[in-house]
Structure formats: structure tokens, C-alpha cells
Amino acid sequence: MTDGTGGEVAAWPLLLGVRHHGPGSARAVRAALDAYEPGAVLIEGPPEADGIVGLAADAGMRPPVALLAHAADDPGRAGFWPLAGFSPEWAAIQWALARGVPVRFIDLPAANSLAMAASKPSEPEPEPESEPDPGPDGPGGRVRPDPLAALAEAAGYDDPERWWEDVVEHRGTGSGPEPSAPLAPFTAVAEAMAALRAEYGDGGHEDDAVREAHMRLRLRQARREFGDQVAVVCGAWHVPALARRATVTADRALLRGLPRVKAEMSWVPWTHRRLARHSGYGAGITSPGWYGHLFHAPDRPLERWLTTVARLLRDEDMAVSSAHVIEAVRLAETLAALRGRPLAGLAETMDAVQAVMCDGSEVPLALVRDRLVVGDALGEVPETAPAVPLQRDLTRTQRSLRLRPEAADRELELDLRKENDAARSRLLHRLRLLGVDWGTPAASRGSTGTFRETWRLRWEPELAVRVAEAGIWGTTVLSAATARAESEAVGATALAEVTELAERCLLAGLADALPVVMRALADRAALATDVGHLARALPALVRSVRYGDVRATDTAALTEVAAGLAERVLVGFPPACAGLGPDGAAEMCAHMESVHRAIGLLAQASRPPAGDPGTGPEPAARCGADRDGGLRGRWAGALRGIAGRDGVPGLIRGRAARLLLDDGRLAEDEAARLMGLALSPGTPPPEAAAWVEGFLGGEAGGGMLLVHDERLLGLVDHWLTGVSAEAFTDVLPLLRRTFAPYDAGVRRTLGELVRRGPAGPDHGVPGGAPGHSAPAAPGFGPGLDARRAAAAEPVVRLLLGLAPAAAPAPDHHHALEAAG
């Protein structure tokens, strides 16, 4: 065996240069170890993992998994060493543990690599097109001149992935008749890498010299402990350096003075998606799902793969039969033959899938890439694996709540009236407060009541680091979230921050943290004077009061603070609306809407139970019995003042009028009067357009309002037709912003109403034709057709539960009115 430069390399150790996460390399490693039968196996990886490598043989360990190292005093400084089921390192570990052969890791300790990574300036992440480092995958990942690309180019390939598949993944295990056959591929790889190292040196990464010096020292130590017959599984890039003779003194000199931190090591689950190169992982691969299939398929991998693809597409309601599978197999094999490849690879397989099963479409093909070529496999680690106490508590809680972590996105609907669902909600909210965003709140597709929550769940391997970081707050999820909330309450400077924190504490069920949060809330509220800050803080506080309904939380103290805050907003809001520019008016308009909703919720939360003497149909009528009902009435009075006050921007005045109209506190005639004033000739067109935007725009929209109230539509139409050509250019953006969000059907109906013309003077539209009776909606005639009404009368009576008419009604119009 030579080092590729003509120099002889000693028969020991057996240097198996591999590509990380290559199924062909994994099979070749197993065959080489079977032939060589070493007394110890050395793996490229952090030596701190020597004490936990035995867990790889545990029945509860299922790859993909990763070794996680983090600084003991700063868990956020962490590094991963991932291993898939088809990784050659994992194959070597399993081979050794099954035979009782010692396993040692020989790369630079995590204590050094974490400290070195922290001392360097951050580097930009590699572009997705960059090829991976075939070396180890410690903190941060690295990119260097790609040796695979150089070898592929020398072999006449323009795609390194395809070249690697042809020469390694699609070849046998090297089990020929000669004893050296299993070692032949590694000899060839070593010679190729030696030539590349002679050309590129360390490839621009100076840390390689340090790492390789440590590997050589660990290799000498293994020789002394286990004898000469040891095997080393490492990145192919490092083989020439390990084969090179170097003195112990020189290697130790390279390691002298390296920075160190105290590091802790554990196993964590990993995912196929995180093995993919586009995830930013330093030694990633493009197709972990495909490689996993190649490694584990016992025979006929192409046929088995295409059968799996067909099953996936059928699950998505696509018509894919066994005939499609047969034809796709034939096409993939034909493409491989035409392209001069030994077997059909991923490229040929995907071309066949697109042509035969997807009818040439890229849409289902993207699904195949996402679900199968990459995949959502999530590994498992045994309970005996070392972990921070917080992780152990989280695992126990997940198990008790039957909330299993999964790598794929999934939606979780929770009914907070059920105890298990309420406990799940509290766990997810506590984790979010700790910065562990396993779940993200999503819009519910069903009920919008406070008893319903929807979450989008996805477990990422990096969350294990977040859990380790959160371990500084406590040993359980509850205690850690409580301590974190108390710390944030003390350190918060803005009132809105504390109100939001109070809401999150109620959602998470952190009763012990609420007293601290409430004290901070009272202190900040007493000091806050800006109406905008108060308006931003009130909605979250009121939502917190409302959550007590379904979470059985005592919110009496929050209610008092919310009521006091609402009083201050009520007093300060009208003066704050005057003299604002366009941006300030838009911001204040948003505050007005949120405060309006908050005061309505506060009144509902404080409403006496049914049967209480103070209960009445209108909260404003119960001022004496219900303070929040009086507050709601006074807020309506403030809105009336804003709607009719000079000096207030038109956007705010229009929105105030609309809020009153929607609440039933402004008569339609009065709304039409306010609109008539706002759209009078004396009002500048931009100001009038802003009023229209405020009244007809916003979250509620005014499309249906105009459809059902032709007086308002006529006012807008009459004003708009009177705008001069010069002013129309200024008001057009405002009008487009107002009407563009309307549904297509609403816009079409409005167009028909405008084309039909004004409804007449009885509808309050200037310029209407006297005596003209227009229909109430497009498509209806001007009067009632008695004959057609008589035909519909029996059905109407049946729907309304009325007795059939004894005799034909002489006046069907009056009969229908009576039935209504």
C-alpha cells in the first residue's frame, strides 16, 4: 500500500478514507473490517464521546443521531457530529460494538474546537452550490476546494455527485477472490487524495494541521494500547496526513497553547433534512433519503424505490398504477445505458418519475424530492443517554402528554376544555417563553373561540441546544419558564413588554410568576404617559383577562389594572388624535381599532353571569352595575367626539364613524350625514378620500355596507364624479387602497349598482330622479310579481312552520309579509 506519491506506507494502521454519509463507503468499510479484523477501531470525532459510544448499541438508539458537544458554561456554543444509518462511521461503530472491539474517537477534542470556533470571527455561510468538506463536521461547518469535483472533472464528469455514485455508491463491496479486494477502493482513494493534497495543501483551512496532529497522537496511543492492527475511519481528505510520518515532538508543538473550554457531550436525535446540504450543515449531502434507501434495500433497489414513489403519489390522490412503476423502471435503466452509467442513479430515476408518473409536471416531482429524496426521518436516543435535567423533564412530559417530536411539519388542534390538550398548550407556551420554538401558533381552521388553539409543530435538532441553554433557568420546564418570566419582568423597560409577558404567563400557566409580573406591570403603567404606548399595551392585557374563562385562572388583579389602563386611554386618546400627519394618523387609527376591540372584550369578561339583576341587553345601559359597561359607553362617546371634531385627520374620523356604526351606536342617517359633510365640496379631495378610506377600509371593509346601503354608495359616487381631474390623481392611490381588498363579487355588484344609476331622492342621493323607484339590488324587478309569489308561498310556509293557507290569498304580497 502506498501513500499515492510512491512512498511506502506501513501495513498498519488500516486507513479507511471515506466520504461522510456515503452508503457505498459504509458497505466498503464493513467489508474491509470483516477482512482485516482490527483489534480497535478509531473514528474521526471528538474524544469526549469515548465514554458514550457504547450507547450506539442500545436498542433505543435509532439513527440519524448526532453527537452534541456544548460548552458547560455557555450551552449556546455547541457543535454537532451527525451520523446516519448509512454513514461509514456508524457502520464501523456498529461493527466494532457487535464484536466487542474497542472504539475510540481521535479528532481534536470538542473542548478545543468549541473554544477555537468562539475565538474566530464569524464567516458567511456557504452558498448552496458549494461542495461539502469531506472532513469532520464540527462547529460551524467548513467549505474548501472540493476534492470530489477535481476527481470528477479528471474523470470527465461535470457533476461530482454523479461521479461518486458511479465509482463508489453503485459498485460492490470489493469482495473479490483476492484477499486485498476489500481494501482496493480505499487504496485508490488514498492515492487520489495524496495527489490532491500535493496540489492544494491544506485546502485553505489551517486548522487541518492541528486536527491531523492530534489524530496522529491518538493513533500512536492506540498502537501502544491495542497493538499495530488498528483501523482508522476518517474523511478521505485526511488519509495522506495520517499516513505521513511525523515526530511526536512536532505534533505536540502544533497542539501547544490551544484554547480550551469545559465541554459536555451527549447524543441527540438528528434528521435527514438536516443532513441535506441546503440546510447549511458543513458536510451535507443532497439526497439523504435516497442514500438511506440504497444502503438498506436488500435487493432490487430501483424497483423498491419506484414502488415507494408510487405509494406516495397515490396517497396524494394521483392515479399511479403498477404499470407506471414497470415503465418507470424500464425508462430509468434505458437512460442509464444511454448515459454510460453502470446503474440508474438518482438523476435517471427522477427523470423517469417525472416523465412516467408525474406527466412531466414539476409539482409532484417536488413532493417526491421533499418527502423521499430528502425525507423527514427523525432519530431516537435511549433514555440512558446523558442529557441536561431540563431535557429529561421535557422528554418525560412529552411522553406523558403523548406529544411525540417529529421532523415533519404537522398541525395540532387543541381543545382547551380537555385537560390533556390544556396541558399540551401550557407545555408549548412554556417552551416558547424559554426560546424553544418547537411549536408555532397558527390560525385555526375551525372555531375562533378562546377554547381552541392551533399549533404548527416541527422538531429541529438545534432545539436540543436551546433546551441546554434554557437549563440555566431550572431543572424542569415549569421552574425554568417561571424563572425566565420573572427575570424578563424585572428587566422590561416598556409597558407593552410587560403586558405581553403577562399574557404569555397566563397562556403558560405560570401562576408563581404572575405576582412578579403584576408588580412590574403596575410600576410601568404608573409611569407611562404616552397614549400610543398605553394603547399598545391594553390589548394584550385584556386578552390575558379573557384567557381566565377557559384556563380557570384568577385574573382579578389583571382586570383591575386593565380597567385603570383603559380609563387613561379613554381620557388621553381624543387629544392625541389631533394634528397628526399621514403616518401618525395611520398608526393612531390602528391603535383606535385595537383599543376598541380591547374595551369590548373587557366588558364581556366583566359581565355578570346570566340571571344577575345587573345583566341587560346593552352594556352601556348598566353603568351603575357594571363599570366596564360604562367604560364602553364612554369610549363610544369619545369616538363620537373624534368623528365630528375639526383638526382630526379624515382617516381617523372616518374610522371612528365606522366603528360606531358597526356597534349600533350610530344611526344610519347620522352616518350618511357625517359622510355628506366629509365629502362636501368644501373638503379638499385628499382629505375626503382619507375619510372614505377610514370609513370603508380597514379590517372590516365597507364593500357589503355599500351594497346594502345605496345612500352611502350614492354619496361616494356623487363625490367622486365631482372630483376634478387634477385632484383625482392625488386621491386615486387612497381609493385604490380602499377598494382593492374587496372580494371580486362585491366589486362586481358595486359596479352593477353604479351602472344602474342613483336610487332617487327617497334614498338621500343628490341628483336622483323624482319619483323613480329603483330596485334594492341588481337582478330584481321594480315590483312584486303576485303570480310567481303565489307559487313560492307553500314552500315559504313550510320552511317557516306555518299552517297551509286555507284559501288562495287575494293579495300575495301581504300574505308573504304576514309569513315573514
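Residues Ala480 and Trp473 come closest through the heavy atom pair O-CB, 3.4 Å. Here the closest non-hydrogen pair linking Gly76 and Val465 is CA-CG1, 4.1 Å. Nearest heavy-atom pair, Arg484 versus Leu434, reported as atom, atom and distance to 0.1 Å: NH1-O, 3.6 Å. For Trp438 against Leu463, the heavy-atom pair with the smallest separation is CA-CD1, 3.8 Å. The shortest heavy-atom contact between Leu514 and Cys505 is CD2-CB, 4.0 Å. What you find for Val517 and Val498 is that their closest heavy atoms are O-CG1, 3.7 Å.
With values rounded to the nearest 0.5 angstrom, Glu593 atom CD is found 9.0 Å from His596 atom NE2. Atoms CG and CG, from Leu428 and Leu457 in turn, are 6.0 Å apart once rounded to the nearest 0.5 Å. The distance from the CZ atom of Arg430 to the CG atom of Leu510 is 5.5 Å, given to the nearest 0.5 Å. To the nearest 0.5 Å, atom CH2 of residue Trp691 and atom CG of residue Leu677 are 9.0 Å apart. Distance CZ/Arg645 to SG/Cys577: 8.0 Å, rounded to 0.5 Å. Rounding to the nearest 0.5 Å places CD1 of Ile642 at 12.5 Å from CZ of Arg655.
When atom types are taken as modelled, the side chain of Glu453 and the backbone of Leu414 share no donor-acceptor pair closer than 3.5 angstrom. When atom types are taken as modelled, the side chain of Arg658 and the backbone of Phe695 share a donor-acceptor pair closer than 3.5 angstrom. In this structure, the side chain of Asp437 does not engage the main chain of Gly439 through any donor-acceptor pair within 3.5 Å. Judged by distance alone, the side chain of Ser594 and the main-chain N or O of His591 form a donor-acceptor pair under 3.5 Å. Judged by distance alone, the side chain of Ser487 and the main-chain N or O of Ala483 form no donor-acceptor pair under 3.5 Å. Distance alone, capped at 3.5 Å, is enough to place a donor-acceptor pair between the Arg653 side chain and the Val648 backbone.
Using a 4.5 Å cut-off on side-chain heavy atoms (C-beta onward), Leu416 and Ser425 make contact. Under the 4.5 Å side-chain criterion, counting only non-hydrogen atoms from C-beta, Leu427 is in contact with Leu394. For the pair Asp663/Leu659, no side-chain contact is recorded, criterion being any heavy-atom separation below 4.5 Å from C-beta on. Leu403 is listed as a side-chain neighbour of Leu412, based on a closest heavy-atom distance under 4.5 Å.
Ionic pairing of Arg273 and Asp376 is present here: one or more N-O contacts between side-chain nitrogen and carboxylate oxygen are shorter than 4.0 angstrom. Note on Glu460 versus Arg458: salt bridge recorded, some NZ/NE/NH1/NH2 to OD/OE distance being below 4.0 Å.
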Step by step, work out the side-chain contact (heavy atoms from CB on, under 4.5 Å) result for Trp459 and Glu406.
CA-CA 6 Å; Trp459 185 266; Glu406 296 178 7; 6.0 Å; no

Worked verdict on Arg632 versus Arg665 for side-chain contact (heavy atoms from CB on, under 4.5 Å):
CA-CA 11 Å; Arg632 192 173 184 180; Arg665 296 176 180 271; 3.8 Å; yes

Derivation and outcome, salt bridge (Lys or Arg N to Asp or Glu O under 4.0 Å), residues Arg519 and Glu486:
CA-CA 10 Å; Arg519 285 196 298 271; Glu486 292 175 347; over 6 Å; no

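Each of Arg424, His429, Glu411, Arg410 was scored for a side-chain contact (heavy atoms from CB on, under 4.5 Å) with Trp455, with one residue passing: His429.
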